Amino acid sequence: MSGRNTTAIAHPNIALIKYWGNRDNALRLPANSSLSMNLAALATTTTVEFHPDLNADGVTIDDAEATASARERVIKHLDRVRALASINTKASVISRNNFPAGTGLASSASAFAALTVAACAAAGLQLSTDALSRLARRASGSACRSVPGGYVLWDSCNVDDCSYGRTIAPPDHWDLHDVIAIVESAHKATGSTEGHAIAGTSPLQAARVASTPGRLERCRAAILARDFPALADVIEQDALAMHAVMMTSVPSLLYWRPATLAVMQAVRAWRTDGLAVAFTIDAGPNVHCICPAESSAQVERLVRAIPGVERVLVSAVGGGSHVVA
Ligand code: PMV
């Protein structure tokens, strides 16, 4: 096959209803459905070229050679694409994030969404958005939610065929912002792949999973109705349910820093005072303050003033992954 050079762009997403734990770790079939929004201001741009002259895959991330574990994960995913395209050709992968390295936001979601879209196009595969999302899921569960645009629901489903992200509302449906309080930039001690694998050791995981459909429905309804108070309650409850599972799993995962809690408490106090803002937190210490665009500047200013907040990023809701060149 000839060397076709293809570039794709993808945005990370922030889950409003969290995915934590798999019913099938190998296929990354989730224990529960989840719902997220893509983040327009943050992006991964990835160029893939399959070239017959290459005798090994090359992986460059943010202008440096990838670590052995990142390289291995990328190669595994290239192998999935090669199997679908019935080729053996090695590839060069060059990936860049526009969000600064070392912000603790090194998102596997945008990385594997961009890789999936670029590699499939470079291999000459013409897959639907649903099929691309399903394929991205195999590399990183949350990557399936970065393939379609806007507000995305990843339905829990116990077979590969129906487990992918679908848009429930486009980005312009509701102009929400994510004001991200970065309280620690260091790389997380336990990544989500290991975290998913131990979720079931927490006695709280079964209760979290059983109660997720109710929260998901409330969250979906709040988004469709643009009902911020309802959204605020349900996303905070869902993030706390996930962190309760993390804290009580074996080994215990305690991601919060003192500044994490300071931001959470401040968000609650601001909301009591009438400001529309709510928090959610992924597998790390940084706090995502979700608010309507109208509150965003004030939330940003308030968050910056909290001791322990190292930097703040602000993003609107983003579109889906796509080929750019
Ligand atoms: O896709 P993964 O394996 O990186 O898992 C993502 C897990 C959380 O970010 C904590 C929650 C979520 O739904 O995105």
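Just follow the structure's listing: the first ligand is 1, and inside any ligand the first atom is 1. Sequence positions, counted from 1, serve as the residue numbers for this chain. Below, each value reflects all heavy atoms present in this structure, side chains not excepted, and no hydrogens, waters or symmetry copies. Quick caveat: nothing in here was measured; it's all calculated off a predicted structure.
- In terms of polar-atom proximity, defined here as any N/O pair under 3.5 Å, Tyr19 does make such a contact with ligand 1.
- Paired with Met37 under the rule side chain to side chain contact (heavy atoms under 4.5 Å, CB included), one option of Asp178, Asn13, Val152 passes, and it is Asp178.
- Using the six-membered ring where Trp is involved, Trp20 and His196 have ring planes that are tilted, between 30° and 60° apart.
- Ligand 1 places these atoms under 4.0 Å from at least one heavy atom of Met242: 10 (C).
- Comment: Glu236 engages Arg271 in a salt bridge, judged by a side-chain N to carboxylate O separation of less than 4.0 angstrom.
- The N/O atoms of Asn13, backbone and side chain alike, include none that comes under 3.5 Å of an N/O atom in ligand 1.
- Close contacts between ligand 1 and Ser192 involve ligand atoms 2 (P), 3 (O), 4 (O), 5 (O) [criterion: under 4.0 Å to a heavy atom].
- Listed by number with element, the atoms of ligand 1 under 4.0 angstrom from any heavy atom of Gly141 are 1 (O).
- Using a 4.0 Å cutoff on heavy atoms, Ser108 counts as a contact of ligand 1.
- Atoms CD and OG, on Glu194 and Ser249 in that order, are 12.0 Å from each other to the nearest 0.5 Å.
- The aromatic rings of Trp256 and His243 lie tilted to each other, with the angle between the two planes from 30° to 60°.
- Atoms of ligand 1 lying under 4.0 Å from any heavy atom of Ala15, numbered from 1 in the order shown and given with element: 12 (C), 13 (O), 14 (O).
- Using a 4.0 Å cut-off between charged nitrogen and carboxylate oxygen, Lys18 and Asp282 count as a salt-bridge pair.
- Taking 4.0 Å as the cut-off between side-chain N and carboxylate O, Arg96 and Asp63 count as a salt-bridged pair.
- The distance criterion of under 3.5 Å between nitrogen or oxygen atoms is not met by Trp20 with respect to ligand 1.
- Atom numbering of ligand 1 starts at 1 in the shown order; those under 4.0 Å from a heavy atom of Arg145 are 12 (C), 13 (O), 14 (O).
- When only interatomic distances are considered, the shortest N/O to N/O separation between Ser140 and ligand 1 falls below 3.5 Å.
- Between Arg28 and ligand 1, no N or O atom pair is found at a separation short of 3.5 Å.
- No side-chain heavy atom of Ile281 sits less than 4.5 Å from a side-chain heavy atom of Asn286.
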